Amino acid sequence: MKDQMKDIVALCKRRGFIFAASDIYGGINGFWDYGPLGVELKNNLRDRWWHDMVIAPPIGPDGTPISIVGVDSSIIQNPNCWEASGHVGGFNDPMVDCRESKKRYRADHVFVLIPKDGEGVSFAFDKDAEDELIEKRLKKLAKGKSIDDFEREMLDQIPAANFNNIVGPDTKNKGTLTEPRQFNMMFHTYVGATASDDNKAYLRPETCAGIFLNFKNVVDSSRVKVPFGIAQIGKAFRNEVTPRNFIFRSREFEQMELEWFCEEEDVPKWFDFWVEQRTNFWLSLGVDKSALHFLDVPKDDLAHYSSRTIDVEYKFPFAAPGFDELEGIAHRGNYDLTQHQKHSGAKIEYYDQQENKRYLPHVIEPSTGLTRGVLALICEAYTVDENRPSGVYLNFHPSMAPKKAAILPLSAKPEHVEPAQKLYMELRNEFVVDLDIKQNIGKRYARQDEIGTPYCFTVDSETAEDNCVTVRDRNTMAQERIPLDKVKAFLREKINGG
RNA sequence: GCGGGCGUAGUUCAAUGGUAGAACGACAGCCUUCCAAGCUGUAUAUGCCGGUUCGAUCCCGGUCGCCCGCUCCA
């Protein structure tokens, strides 16, 4: 399963889906470019999400359509916004490395036992270390001292100058811990001509902030009433320590986020609603149910703002035999609006005229990675088939396929080429289609298989007489003859489901 | 960021301290009335920088990138 990832990456490059950014300069870690087919695929997924969220949102639990509007906010915002959201603090965990064990620890996750009498060395332990283990280690290393002879202090409270007297959690010798270093996940830049701390700004690490910042603007301008949603699709940037697994974890990526604002008492109802809606979304794109897994994120792992999160996980090949996150549906409470109201000093409360009350609504956030979605669609579509010339085909749902159809004259003779060109011109205004004339027909079918084109229309010598073409189905390789004037209707039905 | 492995054509792989090769793919031509056929031809590679050497793709150092394991992923 893991080896399949290599084949998928090779196919993506060979056929023009995804390239390493700055390829000719040797690449740059964590950044990717989308080629001619990749951008079509990505746009298809993006447009479908926008359609299903903003243009034609789902029917709500009470049988009436819900209300969602869109925004497109700036990537760079006032830096105070990231103080309020917790990103400046939250992404700033000081880390300590051990030179001997080569392990890295969060300074606030390690406690140190300091001898009460001030004699001898101190010992560091993981914050979850149990007493039994501590005593065992002390017995070995501390010359008969026991827990009661020490004071407990968290490592991040101890001056780095004293680190040389501390034995690291996984060593026997003192002085192996480095001084704490800050790791900030946010990319920063400077606004204006001079680069100084006064005009430092950040590239957004997630798109949702732009929604919260515009909550009041949208309420005041759009006649929306709680419950309602604001959606956004756009790029986000995180300076990941370790970009991994192709486009799964990259430093520049694209998110599709909905913030659903509702009253606190309705949260359970809407939470379940959105889990169901979002699941249906992925299923409707051809993702198999067995490829999805729902993780009710354990309390300890929840983000600081969330009281409940369900991760929709996909069976990515690199995660085999497990799953990895595709989408998160989080109850964010009213943390964000509260924080931004407090830090900005602006009054952004919602006013309910009917009930005559003011409040900050709670938020359910279905948030998915567009670029992760692209990878999931590619992985899901990748199908090995020894029985066909290409050896593999991409089983995209027709609505997601970068090319909807190829028009193939059986030979390069004018009697085949001319009707094919005519058909191509008719189709191309409505569908992304290819006209491919060169080389033998088997070779062309194989090429279309590899890029996941669901249908090939072949013009042959009988076309001139019966005004029909042969349509060849990608998955079954079966052929069927249909009239030329039915081709558009055929494609519409297959792509949009009728 | 740490440790290990690795970088040869578009892809998958060979080879070598002294001329870098194949398969598939791509392209051009011939052929061809439905699944990469056949034939002919063309283009394309030692990631980058430096060192050792008469000479480096090969040895050494750095750098960039990829893979695996840690760590990280509020």
Side-chain angles (χ1 to χ4, degrees), chain A residues 2-3 5-7 9-16 19-31 35 82 85-93 95-106 108-109 170 178 181-186 205-206 238-246 248-251 253 297 301-306 309 311 318 324-325 328 330 332 335 369 385 387-393 408-413 415-416 438-450 456-463 469-474 477-481:
Chain A
K2 288 188 177 176
D3 295 340
M5 212 49 218
K6 273 183 81 171
D7 298 332
V9 174
L11 174 66
C12 282
K13 176 163 195 194
R14 183 156 38 92
R15 289 303 182 185
F19 310 119
S22 308
D23 203 5
I24 62 171
Y25 284 97
I28 175 167
N29 197 359
F31 299 89
W82 306 115
S85 67
H87 285 89
V88 171
F91 278 162
N92 257 329
D93 300 320
M95 305 294 295
V96 169
D97 289 313
C98 176
R99 295 189 192 92
E100 191 171 300
S101 69
K102 304 300 182 193
K103 294 204 172 186
R104 169 174 291 174
Y105 315 92
R106 268 175 68 165
D108 61 337
H109 282 185
D170 298 284
T178 65
R181 282 179 294 178
Q182 306 277 312
F183 287 84
N184 194 312
M185 299 293 292
M186 279 192 292
E206 56 182 22
R238 291 183 197 175
N239 207 347
E240 298 283 356
V241 175
T242 314
R244 277 284 159 91
N245 295 323
F246 199 29
F248 179 79
R249 173 162 295 123
S250 49
R251 292 186 163 130
F253 56 102
V297 178
D301 296 339
L302 287 172
H304 55 87
Y305 52 73
S306 181
T309 298
D311 280 350
F318 54 79
D324 218 330
E325 184 183 356
R332 296 181 75 114
Y335 172 84
D385 181 358
N387 294 322
R388 66 177 70 203
S390 57
V392 66
Y393 67 102
L408 312 175
L410 195 51
S411 79
K413 293 176 188 165
E415 59 180 289
H416 293 160
K438 297 273 180 174
Q439 293 166 331
N440 71 59
I441 189 74
K443 214 165 188 174
R444 286 178 281 163
Y445 281 150
R447 187 184 295 129
Q448 297 299 335
D449 278 350
E450 231 182 10
C456 292
F457 298 105
T458 307
V459 174
D460 57 28
S461 299
E462 283 151 46
T463 300
V469 287
T470 304
V471 51
R472 179 259 197 191
D473 183 277
R474 175 196 62 206
M477 296 164 77
Q479 302 192 351
E480 177 189 356
R481 206 150 173 87

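Proteins get letters first, then strands, A, B, ... in listed order; numbering begins at 1 in each. Treat the numbers as computed from the prediction; the structure is a model and nothing was measured.
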Is there a side-chain polar atom (N or O) of A:K13 under 4.0 Å from OP1 or OP2 of B:U11?
yes
For A:I28, report the nucleic acid contact type (base, sugar-phosphate, nothing); a contact means any heavy atom under 4.0 Å.
sugar-phosphate
Which part of the nucleic acid does A:E206 contact within heavy-atom distance under 4.0 Å: base, sugar-phosphate only, or nothing?
base
With a 4.5 Å heavy-atom cut-off, do A:R251 and A:N29 have their side chains touching?
yes
With sequence neighbours left out, the residues meeting salt bridge (charged side-chain N to carboxylate O under 4.0 Å, His left out) with A:R15 are A:E450
Pairing residues for A:D473 by the salt bridge (charged side-chain N to carboxylate O under 4.0 Å, His left out) criterion, not counting sequence neighbours:
none
Who pairs with A:R474 by salt bridge (charged side-chain N to carboxylate O under 4.0 Å, His left out), at least two apart in sequence or on another chain?
none
In whole angstroms, how far is the P atom of B:C68 from the CG atom of A:N245?
6 Å
My understanding is that only residues two or more places apart in sequence, or in another chain, count here; which of them pass side-chain contact (heavy atoms from CB on, under 4.5 Å) with A:T309?
A:V297, A:L302, A:S306, A:D311, A:A330
Between A:R332 and A:G27, whichever has its closest RNA chain B nucleotide further toward 5' is A:G27
Are any of the side-chain heavy atoms of A:E240 and A:M185 separated by less than 4.5 Å?
yes
Starting at the 5' end of RNA chain B and moving along, which residue's nearest nucleotide shows up first, A:E240 or A:I24?
A:I24
When you compare B:G25 with B:C34, how far apart are their C1' atoms, in angstrom units rounded to a whole number?
22 Å
Please report the distance separating the P of B:U8 from the corresponding atom of B:A45, rounded so that it comes out in whole Å.
14 Å
Between B:A22 and B:G29, how far is it from one C1' atom to the other, in whole Å?
24 Å
Could you work out the separation of B:A20 and B:U57 based on their C1' atoms and round it to a whole Å?
8 Å
When the P atoms of B:C30 and B:C66 are compared, how many Å lie between them, rounded to an integer?
44 Å
side-chain contact (heavy atoms from CB on, under 4.5 Å) involving A:F248 - partner list, sequence neighbours excluded:
A:N245, A:F316, A:F318, A:D324, A:R372, A:L375
Under the side-chain contact (heavy atoms from CB on, under 4.5 Å) test, which residues partner A:T242, sequence neighbours left out?
A:R244
Protein within reach of the bases, or only the backbone? For nucleotides 30-44 of chain B, mark each nucleotide 5' to 3' as B, S or -, using heavy atoms under 4.0 Å.
---BBBBB-------
Under the 3.5 Å Watson-Crick or G-U criterion, the dot-bracket string of RNA chain B, with | for inter-strand pairs:
(((((((..((((....[..)))).(((((.......)))))....(((((..]....))))))))))))....
Looking only at atom P, what distance separates B:A14 and B:C6, rounded to whole Å?
13 Å
Among the nucleotides B:C68, B:G65, B:U12, which one has an atom lying closest to any side-chain atom of A:R244?
B:C68
I'd like to know if the side chain of A:D7 reaches the main chain of A:A10, judged simply by a donor and an acceptor atom lying under 3.5 Å from each other, with no hydrogens or angles considered.
no
Pairwise C1' distance for B:C59 and B:G1, with rounding to whole Å
29 Å
Which whole number of Å gives the distance between the P atom of B:A37 and that of B:G3?
50 Å
Residue list, salt bridge (charged side-chain N to carboxylate O under 4.0 Å, His left out) with A:R332, at least two apart or on another chain:
A:E206, A:D336, A:E365
